[in-house]
Structure formats: structure tokens, C-alpha cells
Novice: 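Please see the structure below; I have some questions.
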Amino acid sequence: MTVPGVSGGPRIGAYGDHALMVDLAGLDEVHALTAALRAAAVPDVVDVVPAARTVLVLLDDAATTADTARVEDAVRAAWASRSAVAQQGEGRLVEIPVVYDGQDLPDVAAWAGLSVAEVVARHSGREYVVAFGGFMPGFGYLTEVDPRIAAPRLATPRTRVPAGSVALAGDLTAVYPRATPGGWRLLGRTDVELFDVDRDPPALLTAGTRVRFREVDRLPGDTHGDTAVAEGDVLSAGGDGGVAGGDAHSAEGDQKLAEGDAIPVRGDRRPAEGDRAGGVEVLATGPLTLVEDEGRPGWASSGVGRSGAADKGALRLLNRLLANDDSAAVLEVTLGGLALRFHERATIALAGATAPATLGGTPVGMQAVLEVRPGAELHLGFAPRGTRTYLGVRGGFDVTPVLGSRSFDVLAGLGPAPLRARDRLAIGPRPSRLPVVDLAAPRAAATGIAELAVRRGVREAWFDDVAWRDLLGTTFEVTDASNRVGLRLSGGRIGRRSGELPSEGLVPGAIQVPPDGQPVLFLRDHPVTGGYPVIGVVRAGALDVAAQLRPGDRLRFREAS
């Protein structure tokens, strides 16, 4: 597939196993096709991701090749029947107060040949339009940047961009809703609350919303004062709703993906805890234990990815063993160290990375249906290989869903918070059907160099044949800057064309190549959109293997047949 920028109709290509990428001429076409597809409610389509010049159509994980072909026909039919539609939020103006003290202001001024004051005046002196959302919840890509100050993004992303940063990347500008790595140039800061799970829609900046930045000397949080109310029909976005940032997790070319960092939880949704009778009491969590399920599709327009269990094969195996619905939530235990006390009778099973485990002091195995008596304790040791062990319970763990899912997304900070000692988890209603097997054959543990099948990506024009051969011929190592968002790889540099790629949708398994040539393999908590070209996409089955790799593990890619 060629670089975006087509005329005479859409260009459609396969993007991994369960997605289609549609290249279009510009935003008007993107918005029209997006509206037509959403109105058509095409079977097997779980999300539609608009971007600068593309529409990513995501299919259900169970979709077949025949389903993909049928969806492609539906995309062409939607394009043929498209009509001009008013964008959501059109006509609404959001005014955002900004203190222009960003560390990249001098560099942007030098690039533009202007003074810092002139850069600020050009950035704050015009009205922007939200083209699309993505990257993280509440992140809106704003167009209409003054060409004179349209400096390109950084060649190597920062490991941490503070929440509320007002930033610039080429012909786009935006506000970072939360702390994260990122490669945009920082102009200033604000205290807007861009995303709230209790708001409808959750994102403040939706496609078509107009935005104006207003220069201020300080923010209310700087002086503990009150926010002024804007006059007229302007929606004032100022206030003390900024998200406290940790050294959180990734986005376009994520630099640091540290698994154990403190993460602010959006929606204040912790697992059920307290003195209720029954349930499961958490005694210890190990490095990180999360509640996960199949994820939350359908929220891409607000910048929310699907997330879900990193190793979906292990999740689905547990729910089959326990006769649960596919939607049942399990515990995802990173490296091991979980300890639980059961306060009611339960049926459980373990899958994923093999770890030593005892139940009531007796060693127990993996992929086996186990009966638990009230008062019994489960202790999970540390896995010698692999990263994530999963614990399922018949009925699933019953925690409050956020946007329809019980999964915690480490990039978005959405969902039930990481478990802590003394949390109490409820067990959901047991299904009417009964387990039909007691034991499943264990998955072969990866030893030596893992091999991941990969298909070519949708941006072949950004990579020559040498780059593809380098991808397939290099043994990479997983760095410690890796987590559920993705694996950052070392050991080889992938050459790519220079320049800026307009941001576009991402899929799990995408191998993104930033300008420094160090590839990033995205896992389940990947950003919705990204601005670096994707050279290949790991096949769905191999993604579960990738999810079990830990820092220091080695891997190679082989071309999928």
C-alpha cells in the first residue's frame, strides 16, 4: 500500500489479521466514511478509528478471511453511499487557558526564525478544529496550525511528558491529558480535564469541536485561586481537573513502558473491598496484579483502546475450563507473588506463565480445575519463565466495569485499579453450565529465541526491501522499557524513510519504527493512533507469545505464509 494521499476513491488493505486500513484524500472524506460505517453497523466490525487521512476498521477476533472480504465490500458500499454529515460537537467552542512556558518554545522559535513571543502569538491567535481523537483517552488532534511554527516532532520521544502539556507536532497541536512518554514539542501547560468517564461523551474534545488557546500568566492551581468563567457561548475548560501524572506509559513512539509505575486511575473504580461476607481477600499482589477481561471495544472516538488480557489465549482457556461466559474477568499476575484467602467456596484454575502454586498448603498444577474451601489460601510463586500468570474463578471476578469492561488499561489509566493487599474481590454468579474437563494440556513454554510470525504492514513505501530483511534477519532483545503497552526492542536498527507520517490507527501486534530505528512491538494496551510507520504486524496467535516475553528475552520475526 502506498503513502496516504489518494484520489478517486479509497484504497483498502489488510492490516494484520483482523483489520482493514482505508486510505483517503483528507479529513472530509475520513469523517464522511466514518459516519457512514457507524450508521451501517456492519456485522463483525467492533470499532472504526478515524485519523488524519485514514480510517481503520477493526474486526472481531473471531472474524475469518471470508468475513474480512465481506467487510471490505461493506466499506466500499459505505463509501459509495456516504453523504456530508455534521461533525459531533461542531459549532461548540472550547477555550483553554495556557501558561506558555514549555521547554521547547526556544527551539520552535529558532526553527521558525521568530521570537518566542511571536510563536506564542501565532499559536494562541487562531482557532483550531479537532480532526480526530486517539493516542490516549481525551487526546484530540487539532488542525489549522500556523505553517510558520509547524516544527516537526522530536526524533527521539521524551520518557515523560507532564499531564496538561500543550504541544505541537508539525501541522497538529494538542493537549496531553495525562503524563506519558511522547515526541511532541512542548509549548506550555494547562489544567483542563480532557477525559471523564462520567461525562457523555467522556472526551471533552470530540471531532469537529473548535478550540481556542488563551494565554494566561498562571493557572488556578498555581495560586489556589478560582477559575474565571468565560463569557458568551465559549465553554471554559479551565479548572482544577488536571490529572496527576506518574511516569506512565506510552504513545507515539513510546520511550519508557515501565510496568510497575504508579498509575492514576480514571473513574475512581477500585475492586470491591471491605467487610462484605464471602469473596476473595488479597493478601499479597507481587509486582503487579490486574483485573482483566476481553476488553472495551467501541471507544476509539474518545481515544480509548480495547485493552484486555495481554495473553488472550490464557484468558479464553480459563473461561472454557470454568464454563464461564467469554466476558468473565480474571486476574493477570505479572511475574508471580499473588496470595489470596477465599471466604467462600469457589472453583478456580490457573493458566499462562507456569508458576509454582499451593492451595491450602498443597502444591497444585496449571490448567486444572480446582475446588477451594472457605478459609483456604492460594499462594503463587514466581514464574521462572514467562511474564503473566492468570487466575480464573467460576463466575468471574465481579468488579465495577468502566466503559463496559473490567479490564485495567495501563496506558489509559482506565478500569479497576491494580490490586492491593486487603482488597476484597467479589465472585460473580456461577453460570448454569458445568465444567466438562478437569485438565487441559499445558502450552509449550518458550525456550531459547522466541519466533513470531509477522505480516507486512500497510506503509511499504516507508521501508525498502533491506529494512524488511533486517527485520526478519535480526535477533532482538526485549528491553526493560516494556510493559502491557508494548515491547521496546534492541539489537538492530530498522531503516526507514525520513519525514512525518500523519497519525493513523494502530492494532495489537503492530511493529512501529520511530526515526531512531529502534522498533516497538505494541501489545494490548497500545495507543489508538500513532504517528510512526508500521513495518509489520505480528499474527494474532503469536501476540500471546509476545505477551509472555520479559526483559532480556530474545526474539526473531519470520514472515507469515
Novice: Given 3.5 Å as the limit, does a donor-acceptor pair link the side chain of Arg488 with the main chain of Ser482, or not?
Specialist: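 No; zero donor-acceptor contacts below 3.5 Å.
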Novice: Rounded at 0.5 Å granularity, tell me how far CD1 in Ile535 sits from CG in Leu471.
Specialist: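 Answer for the CD1-CG pair, Ile535 versus Leu471, is 5.0 Å.
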Novice: Mind checking what makes ring pair (Phe, Tyr, Trp, His ring centres under 6.0 Å) contact with Phe476, not counting sequence neighbours?
Specialist: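 Only Phe557 meet the ring pair (Phe, Tyr, Trp, His ring centres under 6.0 Å) criterion with Phe476.
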Novice: Output yes when Arg484 and Glu292 qualify as a salt bridge under the 4.0 Å nitrogen-oxygen rule, no when they do not.
Specialist: yes
Novice: Using the test side chain to side chain donor-acceptor pair (under 3.5 Å), find all partners of Asp67 that sit at least two apart in sequence or belong to another chain.
Specialist: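 Listed in chain order: Thr64, Arg70.
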Novice: Might you point out which heavy atoms bring Leu321 and Ala349 nearest each other, and give the distance in Å?
Specialist: CD1-CB, 4.3 Å
Novice: Determine whether Asn319 and Val330 make a side-chain contact, defined as any pair of heavy atoms from C-beta on separated by less than 4.5 Å.
Specialist: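 They are in contact (side-chain heavy atoms under 4.5 Å apart), so the answer is yes.
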Novice: With side chains defined as the heavy atoms from C-beta onward, is the minimum distance between Leu391 and Ile348 less than 4.5 Å?
Specialist: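 A side-chain contact under 4.5 Å exists here.
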Novice: What do the steps show when you test His18 against Val46 for side chain to side chain contact (heavy atoms under 4.5 Å, CB included), and what is the final call?
Specialist: CA-CA 10 Å; His18 299 116; Val46 297; over 6 Å; no
Novice: Test: side chain to side chain donor-acceptor pair (under 3.5 Å). Region: residues 547-557. Which pairs qualify, not counting sequence neighbours?
Specialist: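 Residue pairs with at least one partner in residues 547-557: Asp311-Gln548, Thr475-Arg556.
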Novice: Could you give the distance from CG (Leu487) to OG1 (Thr479), rounded to the nearest 0.5 Å?
Specialist: 8.5 Å
Novice: Can you tell me how far the OG1 atom of Thr389 sits from the CG atom of Leu338, to the nearest 0.5 Å?
Specialist: 9.5 Å
Novice: Of all the heavy-atom pairs spanning Ser503 and Gly531, show the shortest one and how long it is.
Specialist: OG-CA, 4.0 Å
Novice: Is a side-chain donor or acceptor of Asp525 paired with a backbone partner of Val485 at a separation under 3.5 angstrom?
Specialist: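 No; zero donor-acceptor contacts below 3.5 Å.
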Novice: Any donor-acceptor pair under 3.5 Å linking the side chain of Thr387 with the backbone of Leu549?
Specialist: yes
Novice: With rounding to the nearest 0.5 Å, note down the distance linking CZ in Arg469 to CG in Leu472.
Specialist: 10.0 Å
Novice: Taking salt bridge (charged side-chain N to carboxylate O under 4.0 Å, His left out) as the criterion, tell me which of Arg539, Arg524, Lys312 meets it with Asp544.
Specialist: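 Answer to the salt bridge (charged side-chain N to carboxylate O under 4.0 Å, His left out) test with Asp544 among Arg539, Arg524, Lys312: Arg524.
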Novice: Looking at Ala131, is its backbone amide N or carbonyl O close enough to the side chain of Thr143 to form a donor-acceptor pair, meaning the two atoms are under 3.5 Å apart?
Specialist: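 Flag not set: sc Thr143 to bb Ala131 has no pair under 3.5 Å.
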Novice: So that I know where these two stand, are Trp462 and Tyr532 an aromatic pair - ring centroids less than 6.0 Å apart?
Specialist: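 For Trp462 and Tyr532, the ring centres are not under 6.0 Å apart.
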Novice: Any heavy-atom pair between the side chains of Val71 and Val45 that's under 4.5 Å?
Specialist: yes
Novice: State whether a side-chain donor-acceptor pair under 3.5 Å links Tyr141 with Thr529.
Specialist: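 Short answer, yes.
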Novice: Is there a side-chain contact between Ser307 and Glu294, using heavy atoms and a 4.5 Å cut-off?
Specialist: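 No, every pair of side-chain atoms sits at 4.5 Å or beyond.
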Novice: Give the minimum heavy-atom separation between Gly415 and Val402, together with the two atoms involved.
Specialist: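 Reported closest heavy-atom pair: CA-CG2, 3.8 Å.
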Novice: Could you give the distance from CZ (Phe522) to CG (Leu411), rounded to the nearest 0.5 Å?
Specialist: 9.0 Å
Novice: Apply the test salt bridge (charged side-chain N to carboxylate O under 4.0 Å, His left out) to residues Arg455 and Asp17: give CA-CA distance (whole Å), side-chain angles for both, the deciding distance (0.1 Å), then the verdict.
Specialist: CA-CA 9 Å; Arg455 297 176 58 166; Asp17 291 334; 3.5 Å; yes
Novice: Show the numbers, then the answer: is there a side-chain hydrogen bond (donor to acceptor under 3.5 Å, both in side chains) between Glu332 and Tyr390?
Specialist: CA-CA 5 Å; Glu332 179 180 280; Tyr390 293 83; 2.5 Å; yes
Novice: For the atom pair CG (Leu419) and OG1 (Thr289), what is the distance rounded to the nearest 0.5 Å?
Specialist: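 Taking CG in Leu419 and OG1 in Thr289, the distance rounds to 6.0 Å.
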Novice: Could you tell me whether the side chain of Trp468 and the main chain of Phe463 form a donor-acceptor pair under 3.5 Å?
Specialist: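 No: the side chain of Trp468 does not pair with the backbone of Phe463.
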Novice: Could you tell me whether a side-chain N or O of Asp293 sits under 3.5 Å from a main-chain N or O of Ala328, the two making a donor and an acceptor?
Specialist: no
Novice: Do Ser490 and Glu477 meet the criterion of a side-chain donor-acceptor pair at a distance under 3.5 Å?
Specialist: no
Novice: With a 4.5 Å cut-off on side-chain heavy atoms, are Leu24 and Trp79 touching?
Specialist: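 When only atoms from C-beta onward are counted, Leu24 and Trp79 do touch, with a gap below 4.5 Å.
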Novice: In a check of side chain to side chain contact (heavy atoms under 4.5 Å, CB included) between Ile511 and each of Ile494, Val454, Leu489, which one passes?
Specialist: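 For Ile511, the side chain to side chain contact (heavy atoms under 4.5 Å, CB included) test succeeds with only one of Ile494, Val454, Leu489, which is Val454.
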Novice: Assess the residue pair Arg296 and Leu414 against the criterion (side chain to side chain contact (heavy atoms under 4.5 Å, CB included)); give the C-alpha distance rounded to whole Å, side-chain angles, the decisive distance to 0.1 Å, and a yes or no.
Specialist: CA-CA 10 Å; Arg296 52 177 66 82; Leu414 283 176; 4.2 Å; yes
Novice: I want to check something: taking the side chain as every heavy atom from C-beta on, are Arg496 and Pro533 in contact at a cut-off of under 4.5 Å?
Specialist: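 Touching, per the 4.5 Å side-chain cut-off.
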Novice: Provide the closest heavy-atom pair for Ala74 versus Val42 in the form atom of the first, atom of the second, distance.
Specialist: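 Minimum heavy-atom separation between Ala74 and Val42: CB-CG1, 3.7 Å.
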Novice: Give the intermediate values and the outcome of side chain to side chain contact (heavy atoms under 4.5 Å, CB included) for residues Met136 and Phe195.
Specialist: CA-CA 10 Å; Met136 67 176 67; Phe195 189 84; over 6 Å; no
Novice: Using only heavy-atom distances, determine whether the side chains of Asp23 and Thr54 contain a donor-acceptor pair under 3.5 Å.
Specialist: no
Novice: Decide, yes or no, whether a salt bridge links Asp104 with Arg185 under the criterion of side-chain N to carboxylate O below 4.0 Å.
Specialist: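 A salt bridge is absent here (no side-chain N lies under 4.0 Å from a carboxylate O).
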Novice: Give a yes or no on whether a salt bridge exists between Asp61 and Arg316, defined as a side-chain N under 4.0 angstrom from a carboxylate O.
Specialist: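 Yes, Asp61 and Arg316 are salt-bridged.
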Novice: Thr206 and Pro201: which non-hydrogen atoms are nearest, and at how many Å?
Specialist: CG2-CG, 3.7 Å
Novice: Can you give me the closest heavy-atom contact between Pro177 and Gly138, atom names plus distance?
Specialist: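 The pair with the smallest heavy-atom distance is CG-C, 3.6 Å.
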Novice: Using a 4.5 Å cut-off on heavy atoms from C-beta on, say whether the side chain of Leu555 contacts that of Val478.
Specialist: yes
Novice: Walk me through whether Glu29 and Arg53 qualify under side chain to side chain contact (heavy atoms under 4.5 Å, CB included).
Specialist: CA-CA 8 Å; Glu29 291 80 4; Arg53 297 174 188 169; over 6 Å; no
Novice: Could you tell me whether a side-chain N or O of Ser165 sits under 3.5 Å from a main-chain N or O of Ala167, the two making a donor and an acceptor?
Specialist: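 Looks like no, no N/O pair under 3.5 Å.
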